[in-house]
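Read the structure below first, then the notes.
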Amino acid sequence: MEDKSKKYMRPYMAGFLLGLVLLASFYISGRGLGASGAMKAVIMEGADKVAQSSAMENPFYYKYLSRDQSPLRSWVFIEVLGVLIGGILSGALAGRLKFKLEHSPKITSRTRIFAAIAGGIFFGFGAQLAKGCTSGAALSGMANLSLAGFVTMLSIFGGAYIFAWFGRKLWI
Amino acid sequence: MRTRYIILSVLVIVLGFIAFILPEKDNSQKELQPELLHKAMIQQTRFITTDEVAHLIISEDPSFRLIDIRPEKDFNIFHLKRAINIDVKDILSAKMKKNLKESFKKNILYGYGTVKADQCWVILKRMGYKNVFVLKGGLNAWWETILNPTIPDGLETGQAVLEQYNFRLAAKEYFSSKGDSIVVEKARMELQSNEGETTGGTSDTETPEEGC
Amino acid sequence: MGPLLAQGIISPEWNYFFAFIIGIGFGFVLEQAGFSTSRKLVGLFYGYDFVVFRVFFTAAITAMLGLIFFNYFGWIDITKILVNTTYMPSAIVGGLIMGAGFILGGFCPGTSVCAAAIGKIDAMFFIAGVFIGEFILFQLYPVLEKFYHADYQGKIKVYESLGMKQGLFVILLIIVAVGAFIVTTWIESKQKKVEY
């Protein structure tokens, strides 16, 4: 089976470069990276357009919808659009652009789809509860030496290890 | 390959060690430009009303702190709940710096009236502290609005006014204890003689202590 | 001196432009590192691929040291950096829930976008799930509000809460991380190498 894709970058090199990107983010915008905030921005925009008055009753929405600028005018949202482009670029250069539904040979594609959705639901819920995901709270939070960053990071990895045994059929 | 990783590991540990021995440096600009200070002064956003403070205290909001700038003996006679005492003459001291550095959202200064607290605000604002506010009217207003609220007269009508009055009645219940009203009455008497003073020293020329 | 936005050196509009560029860099590096495939990402939790651990901690330490040195050289005002606010219970519980999500879905929001970019369909479903999950939290917010805001500790730094100086924490962290890198490399060498 011909494998046209290039090999992945060495981890420490990738980590170093990622660290530089993170540093640039702090230097330019005074904040670290993020990801889950982008989905939030889209939800807020949707709420604004579709159900503004009832959404405003919920104090969480109110905080974002009562500004006079669009919720999409959010640093994280624009950054994540960049992530999309960056991923495409890298995939194109490495010959890895291909539609694929990856899953362990031990489960079916259907199972994988359900698990992916469920995983996303858990992650989205947890990320907004903890006010950040692995990119925003854990990675950036550790770089700026915040307590929240380390606590969130330990909780995410700790939680994953705890649940790993239960989910082992999904992966190995 | 192995050697490369060893070199990298040593390098990063050395960098960490250098970070360890580096002295801490504060690059934050100490003084606010006059134009910006002027702009902040004209806006009234630094003022907090007695109603708002009563609400913060009653709801046990954790993200604010009251700073009483009156002399210690006055503070000991009566002070707002959970307030700390830093006399006007001590506002540039290390104690104040330490208190302001903590990340409370609001540091609310208050005195008998507004003047002294506001002057403290100007100095602290110029030094670059951001989350400093002033209780409008000071303890005098506290007495008038919270401890002894006046019934809205016929001229002021409307739901908001009534709600405010009801809130103040409830707040009065919360804050009053037997001794308070008498004590505050006494303080109010002293207020007349105190509030007329202007501050003595010119804090502008004092150099703030070096902080890190 | 940085941060450029806070010091008024760049305008908010330029800031958004740079957000886009930074995002491109982020996505590019993530994909290059192999974070666009879920099977590599969960390898950390099953002991067959520690790439996530290596990249993550190397990046955090690089940026951490970068900030410290930049501050020392006067290139950045570290007090103007956004520091995450600590709400203990929600950070822990939210983190645990995210951990479960990681095992189920095999992604985190950032890597899922990166993977979806190169065509991974499971990542696209994950992203859909993230929308749903966030939406659920928003709707439940009035009920969860108290828990969401519990134990507010402000923008406290990790070394402050441990009662040690910044420098000491950093060097200890680096030593622990390097040790962990060595151990994980050893563990990996004992496994059959599988390429994803």
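Any value given below was found using the heavy atoms of this structure, including those in side chains, with hydrogens, waters and symmetry copies removed. Each chain gets a letter, A, B and so on, in the order the sequences are listed, and its residues count up from 1.
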Under 4.5 Å from any heavy atom of chain C - which part of A:A55: neither
Heavy-atom pair count under 4.5 Å with chain C, highest-scoring of A:F122, A:F16, A:F77, A:F114: A:F122
NZ/NE/NH1/NH2 to OD/OE distance under 4.0 Å, A:R31 and A:E79: no
Contacting moiety of A:L81, where chain C heavy atoms sit under 4.5 Å: both
Ring geometry between C:F17 and C:W14 (parallel below 30°, tilted from 30 to 60°, perpendicular above 60°): perpendicular
Region of A:M13 in contact with chain C, defined by heavy-atom distances below 4.5 Å: neither
Aromatic plane relationship, C:F45 with A:Y161 - under 30° parallel, 30 to 60° tilted, over 60° perpendicular: perpendicular
Contacting region of A:Y61 [heavy-atom separation from chain C under 4.5 Å]: side chain
Between A:T108 and A:T111, a side-chain donor and acceptor under 3.5 Å: yes
Ionic contact status for A:K40 with A:E45, cut-off 4.0 Å: no
Contacting region of A:F150 [heavy-atom separation from chain C under 4.5 Å]: side chain
Interchain contact, C:T85 with chain A, by part (heavy-atom threshold 4.5 Å): backbone
